[in-house]
Amino acid sequence: MEVDRLVEAVVNQNAQDKEALRTFVQGVAQGGVSTEDATRWLKAVHQHGMKTPDKVELTKTMIDSGAKLSWPAGKPVVDKHSTGGVGDKMSLMLAPALAACGYRVPMLAGRGLGHTGGTIDKLEAIPGFNCALTPDAMVAAVNEVGCCIAVQNEAIAPADGVLYALRDVTDTIDSVPLITASIISKKAAEGLDALVLDVKTGSAAFMKTPDEARRLARSMVETSEGLGIRTVAQLTSMDEPIGTHVGNALEVLGSVMVLQGKGSADTRELVVMQGSALISMSESNVSMGEARQRIENVLDNGTALEKFRAMCVQQGVEPDLAERLISSPEDVLGVAEQQTTVLANTDGFAVSYDGMKMAQMARKHGAGRFVLADKIDALVGFTIHATRGTAVSKNDPLFTFHHSRDLSDDEHKELRTMCRTGTKKPNHVPRLIEVIDSRSTKA
Ligand code: URA
């Protein structure tokens, strides 16, 4: 039987027969393979891993199960994927910034997963913003504006949806080759020339150690490059929340501030890092310094903000409201009914923020979901007044929790443990830990 031979190849770490693998995956997607056989193969891959050519073939088959965007000749088509973090709002700025540099960005994004926020939930905090675009509507939006951000849907790599559901019930979610094929198939279906991967590691990331993150990053770079997409992975630290705003509407606010050329330096640096990686991969004659300068320019001169406005209008936001959103975002996005501010209990410095504790508290109050049917409260989240390393005097505000429901005594106590202060200024720790590209995967 074909499945037996595929499983045997996986167990013996041999190459799987290309045609048999393709037929098998198509069969799984179309319901023509028994759950028992699919489970045997998934469990074997989970236990023994998969060779790069097999990952490329699996990913190709998943792409071929749905629509693939195609582009006329022109500027490079680029995108990024993040493995998920706290305050990770980069897509909201990166897509318009790259569009302002003349690139095409057909971004597919997801909703919050576990404690991490999702780009789509953030955009849906903007009244009228429609993320449900068909593949044709994505192409039309990108041709018109230069970028769009749409929710992952059944039209793109539907085999991934079927495999993911099976992985969920067979305890095989946390398999590097299966995560790789799942993520890369959806990105490759966008018809990309270049892809940057933000692979996060730390206490508020899914991959807790750099080694785990490195393994996934290498696997995704190899597979994506195997499909002909120039790809770089940036390993970044995810212990502390990114920037000064966490939560759906609050992250839109923080993003608009960066697009206005102001806002959090931490947030801006990640956008510049990701955008410049895509530019220097796409244009071999452009140095990293020049690529950085291009992204910085569009953040400073208002053209990225203008692209963001145009993207909002293209995706259903009333033109007047989009105009107000980019000039006075607080008026459009609203504020939560209650604010609880934590004050410094001593003179000194803000030493560290616990991203995981903050994310868990925000999720409990409606910033994220526990089950699919949960309704998001877009206004819940945090604003950070004294970022890591900032000097504070006793009773200065450290951060504010924005919420709708009253806090219990335990929650008040928990809030006070989220920022550590001390008398010694902490060293600056850059977010970027390591860059992994096609050269490092060959090493
Ligand atoms: N995100 C995906 O899209 N797929 C995975 O398998 C894991 C994270």
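In each ligand, atom 1 is the first atom listed, and ligand 1 is the first ligand listed.
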- Is it true that the side chains of Ser224 and Thr231 contain a donor and an acceptor less than 3.5 Å apart? yes
- Query: Just checking, any donor-acceptor pair under 3.5 angstrom between side chains of Thr236 and Lys200?
  - Reply: yes
- Query: Counting from 1, what ligand 1 atoms have a heavy atom of Tyr164 closer than 4.0 Å?
  - Reply: 4 (N), 5 (C), 6 (O)
- Value rounded to 0.5 Å, distance of CG in Leu227 from CD1 in Ile63: 5.0 Å
- List the closest protein heavy-atom neighbour of atom 1 (N) of ligand 1: residue, atom name, distance to the nearest 0.1 Å. Ile183 CG1, 3.9 Å
- Looking only at protein heavy atoms, identify the closest one to atom 3 (O) of ligand 1 and say how far it is in Å. Lys186 NZ, 2.5 Å
- Could an N or O of ligand 1 be found under 3.5 Å from any N or O of Ser182, whether backbone or side chain? yes
- Message: For a quick check under 3.5 Å, do Thr59 and Ser185 share a side-chain donor-acceptor pair by atom type?
- Response: no
- Task: Provide, to 0.1 Å, the distance between atom 7 (C) of ligand 1 and the closest protein heavy atom, together with that atom's residue and name.
- Result: Ile179 CG2, 3.9 Å
- Query: Are Val380 and Phe401 close enough that some pair of their side-chain heavy atoms sits under 4.5 Å apart?
  - Reply: yes
- Item | Polar contact flag for Arg167 and ligand 1 (N/O pairs, less than 3.5 Å) | yes
- Message: Yes or no: does Phe206 have any heavy atom under 4.0 Å from an atom of ligand 1?
- Response: no
- Message: Under 6.0 Å between ring centres: does that hold for Phe206 and His115?
- Response: yes
